[in-house]
There are 2 protein chains.
Amino acid sequence: MTDRTKIAFKTSRHAVVTPPPNNAADAALPAGGASASASGPSFSPLYQQIKALILRSLQSGEWRPGEAIPSEIELAARFKVSQGTVRKAVDELAAENLLTRRQGKGTFVATHAEEQVQYRFLRLMPDQPVAESTDSRREFLDCRRLRAPADVARALHLKPGDMVVEIRRVLHFSGCPVVFDDIWLPGRLFKGLTADRLSEYRGPMYGLFESEFGVRMIRAEEKLRAVAADADIAQALQVPQGTPLLSVERLSLTYGDQPVELRRGLYRTDRHYYRNELS
Amino acid sequence: MTDRTKIAFKTSRHAVVTPPPNNAADAALPAGGASASASGPSFSPLYQQIKALILRSLQSGEWRPGEAIPSEIELAARFKVSQGTVRKAVDELAAENLLTRRQGKGTFVATHAEEQVQYRFLRLMPDQPVAESTDSRREFLDCRRLRAPADVARALHLKPGDMVVEIRRVLHFSGCPVVFDDIWLPGRLFKGLTADRLSEYRGPMYGLFESEFGVRMIRAEEKLRAVAADADIAQALQVPQGTPLLSVERLSLTYGDQPVELRRGLYRTDRHYYRNELS
DNA sequence: GAGTGGTCTAGACCACTTC
DNA sequence: AAGTGGTCTAGACCACTCC
């Protein structure tokens, strides 16, 4: 706990324990940050470095969704830092919904499989609270492989001509068609995905992606618009042509902000609304 | 730092320092929480209690928006807890956007007045990044006082017949009308609000509410729908009647989740979209 | 009882801002 | 140089879960 020790910690940050030992030159890290460093970040708190290491283990699949990660004490020992520093790193990952803490049990890799109310990402709420029976139904209209259209390729960071899986489906609530989804997935990541697999699977679609294809959705960006129903959509959602619909274009991202799903949804908003909270 | 001291802290939590000393019986708080407590919360971490006290000072106006609050060390002394405990309380308030920390300067009461990009709550984004000139214009159509319609009264937790201020306005971007807003405010809180005051004020409307009426918007809940433009709206937004518009009903809340504004917006989404992030 | 995360403290040092 | 928030550590105890 002397000054010496403190500095030793500081200068050996990058060499800190990690499963595949990183032998990068220590000199790459500024000694104390005291001197006027050149441009750039030039400094990263210890807990951020620990956070990045944990993130790497998550990404590499060292701990699978739903599993417990090592206890804070174990992680502290592994990374040779105090428990408090690990705690702060884990706190941030938990705040980002990548980890879930459960007092007395441990810290777990977040999963879409047993999400509390099923649909973590679906913001559509019924105007009238639904009578207990959450009678939702998924109707898969289509699931096929094709070369990505230009706009889809661009959104998913694919090369023009790369294969994608396209899924079309309708969600029904209380017996009424409410959502029409058109979904594109990179073919490379979703080999073997078929309409049957989709139909058979119980639970959220993102749970299937996670358990069957190892693709974990972390966050998503949505663009909302109001549009008029064309003939096809009008039929699918059983509304007159020209009915205003809520258009929701969602780009889902996995670790490292890599796009892995583009989804274009059209929502009927006569008996439902899209809920959002600003803060 | 003996056990004795620890317990002393615990049992005197509620009596902890606060400007108007609270003389509530210490016995009201469970001693250690060890015994099987009855139903209810029955336990609140120290930092949550400190957080509540800071919140109370914010609500009472002890520190005004934009001002610095006492340093962590001062707060720790005032509340007779460690700096770390104050820090955790402040951390949470900062995460909720009620406080803003600035390294080396202090912790400040958050404000809408000098918000970074002006519109913290407006999620409408242009399809094409706007050429530097953020040429937005506000056109106030109306500002009058009337008795609250039933639905407005219900949303704002007012009694039927209470007075409200109704404001109608159109927002223009790049010379084009994009947003039609219909806004209701409790008359009791906004005495003296006139169309002139609104027109004169530069900066976000929530900034004016804050500095002129002491009403600070903390968070808001929105319900989005797609609707068709009726004749009046069509004229105001210069679109054909029946054009799909994004309907955004916003309920803004202040401290203690008290509703203080109901806003019904209709957005043209032909050149803009409503951006949302899911995580 | 053992193990986990959750709270609380105390003290050191660092980085940033202001004087 | 002084004051502020930011990081890091070490150790204590508490609450919860499981055996």
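What you are looking at is a predicted structure, and each value in this text was computed from that prediction instead of being measured.
At least one side-chain nitrogen or oxygen of B:S71 sits closer than 4.0 Å to the OP1 or OP2 atom of D:dT4. A:S82 has no side-chain polar atom (N or O) that falls below the 4.0 Å cut-off from OP1 or OP2 of D:dC8. The phosphate of C:dT7 (OP1 or OP2) has a side-chain N or O of B:K88 nearer than 4.0 angstrom. The shortest distance between the side-chain N/O atoms of B:K105 and the OP1/OP2 oxygens of D:dG5 is not below 4.0 Å.
If you measure from atom CG of A:L46 to atom C1' of C:dC13, you get 13 Å, rounded to the nearest angstrom. Atom OH in B:Y47 sits roughly 12 Å away from atom C1' in C:dG5 (whole-Å rounding). Atom CG in A:L75 sits about 17 Å away from atom P in C:dG3, given to the nearest Å. Whole-Å rounding puts the B:I73 CD1 to D:dG3 P distance at 9 Å. Put simply, CD on A:Q83 is 18 Å from P on D:dT7, counting in whole angstrom units. Between B:E74 atom CD and D:dG5 atom P the separation is 8 Å, expressed in whole Å. The interatomic distance linking A:R102 (CZ) with D:dC18 (P) rounds to 10 Å, in whole Å.
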As a quick check of understanding, evaluate side chain to side chain contact (heavy atoms under 4.5 Å, CB included) for A:R216 and A:H112, giving each step before the final call.
CA-CA 8 Å; A:R216 175 159 165 67; A:H112 288 275; 3.1 Å; yes
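Taking for each of A:D91 and A:G104 the nucleotide of DNA chain C with the nearest heavy atom, the 5'-most of the two is the partner of A:G104.
No more than 12 heavy atoms of other residues, nucleotides or ligands shown are found within 6.0 angstrom of CZ on B:R64. The environment of A:Q128 atom CD is sparse: at most 12 non-hydrogen atoms of other residues, nucleotides or ligands sit within 6.0 angstrom.
Of the listed nucleotides (D:dT7, C:dG5, D:dG5), C:dG5 has the atom at the smallest distance from the side chain of A:Q103.
Comment: A:E62 engages A:R78 in a salt bridge, judged by a side-chain N to carboxylate O separation of less than 4.0 angstrom.
When heavy atoms are screened at a 4.0 angstrom cut-off, A:R87 is found touching base atoms of the nucleic acid.
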